[in-house]
Amino acid sequence: MSSPTVSSAEPLAVVVKSFFDPVTFTFSYVVHDPASKHCAIIDSVLDFSYASGNTSYAGVEEILQYIAENKLSAQWILETHVHADHLCAALYLKQRTGARIGIGAKVVEVQKVFAKAFNFEENFDYHGGQFDCLFEDGDDIQLGNITGKAMLTAGHTPACMTYVFDDAAFVGDTLFMPDFGTARCDFPGGDAEVLYESIQKIFTLAPATRLFTCHDYKAPGRDEYANETTVGEQMRNNIHVGSGKSKSEFVTMRQQRDSQLSMPQLILPSVQVNIRAGQMPPAEDNGQVYLKVPINYF
């Protein structure tokens, strides 16, 4: 079937391809400008077995295959935040594609908390130098012919960003699908009031803006995983913040809910790698790399 003819005055919207990791319930994305074929890889996943300590790149190889098959050129590797539920594969993707790794500038706050918790090496860079670009709120992100925006949407963590390209916004853990709600705020630096305000910022986007979530856990009564919604749908139907719920209602709900949640299974290995942009800690004097488990710290 031939492709439809599109007027040059009506450029194609960005193309979004999702990749789902069922082990960590994580959605990764490739978003590309159809005119230039430049793409960004968002929230990649490194396959990791906690039981054995083994890693693999099977998931990101699917992403790289998609990029190659569609003749795309990777320009960015973007992290919406320092994930606590999966290890990112940003460094591996940079080595394979030459793309730049970007994250919110407030990652330095997260680094200071967790580097202390894991007693990182003395020469650890606490200024975000592991990343190629640290985005401030409102910074432009050039993707081929499209100028995107980095939007600070803190609350889940201090450094959470939403990346907006054309009619598509990648919200990380800030919002889940409307029937599941919103992110927890009990991690270091998290704040339910700030999260509410960040969500209101997202709600200023056009109602038809496509929102892509980082995770889905299938809300009760839903049989399929889902990852795409719209600003308008979230405003109307999100069970935590939709239908005009007030900040005080949200904060009370969020604090009560968070007090009952257990820590994510992969938080300890994840943050050690993710605050390094996907690099493992340096090998010790026996040549072996280790991930630490602080006892009775958190």
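All values below come from the heavy atoms of this structure, side chains included, with hydrogens, waters and symmetry mates left out.
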For Y163, which fellow cluster members are found when Ile, Leu, Val, Met, Phe, Trp and Tyr are connected by side-chain heavy-atom distances below 4.5 angstrom, either directly or through intermediates?
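Members other than Y163 - counting any ILVMFWY side chain reachable under 4.5 Å - are V14, V16, F20, F25, F27, Y29, V31, I42, W76, L78, F135, I141, L143, I146, L152, M161, F165, F170, F176, F180, F212, Y217, Y225.
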For L91, the rest of its hydrophobic cluster, which grows through side-chain links under 4.5 angstrom
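So far as hydrophobic clustering goes, L91 is joined with none.
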According to side-chain hydrogen bond (donor to acceptor under 3.5 Å, both in side chains), who are the partners of [X], at least two apart in sequence or on a separate chain?
{"X": "T157", "result": "none"}
{"X": "E69", "result": "Q65"}
{"X": "N238", "result": "Q234"}
{"X": "R236", "result": "none"}

[X]: partners by salt bridge (charged side-chain N to carboxylate O under 4.0 Å, His left out), with sequence neighbours left out:
{"X": "E284", "result": "none"}
{"X": "D125", "result": "none"}
{"X": "K247", "result": "E197"}
{"X": "E61", "result": "R96"}

Do K149 and D140 sit within salt-bridge range, that is, some charged N less than 4.0 Å from a carboxylate O?
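Yes, charged N to carboxylate O under 4.0 Å.
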Show every donor-acceptor pair shorter than 3.5 Å between a side-chain atom in residues 289-298 and any protein atom, with sequence neighbours excluded, or say none if there are none.
{"residue": "Y290", "atom": "OH", "partner": "N286", "partner atom": "ND2", "Å": "3.0"}
{"residue": "K292", "atom": "NZ", "partner": "F118", "partner atom": "O", "Å": "3.0"}
{"residue": "K292", "atom": "NZ", "partner": "N119", "partner atom": "O", "Å": "3.3"}

All pairs passing salt bridge (charged side-chain N to carboxylate O under 4.0 Å, His left out) where residues 176-189 contributes a residue, at least two apart:
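Sorted result for residues 176-189: D179-R222, R184-D186.
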Does the side chain of D21 reach to within under 4.5 Å of the side chain of D47, using non-hydrogen atoms?
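A side-chain contact under 4.5 Å exists here.
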Given side chains that start at C-beta, do those of T213 and H215 come closer than 4.5 Å, heavy atoms only?
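In short, these two side chains do not touch, never coming nearer than 4.5 Å.
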Determine the sole option in H240, R257, H156 for which the side-chain hydrogen bond (donor to acceptor under 3.5 Å, both in side chains) test with T182 is passed.
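The residue from H240, R257, H156 that satisfies side-chain hydrogen bond (donor to acceptor under 3.5 Å, both in side chains) with T182 turns out to be H240.
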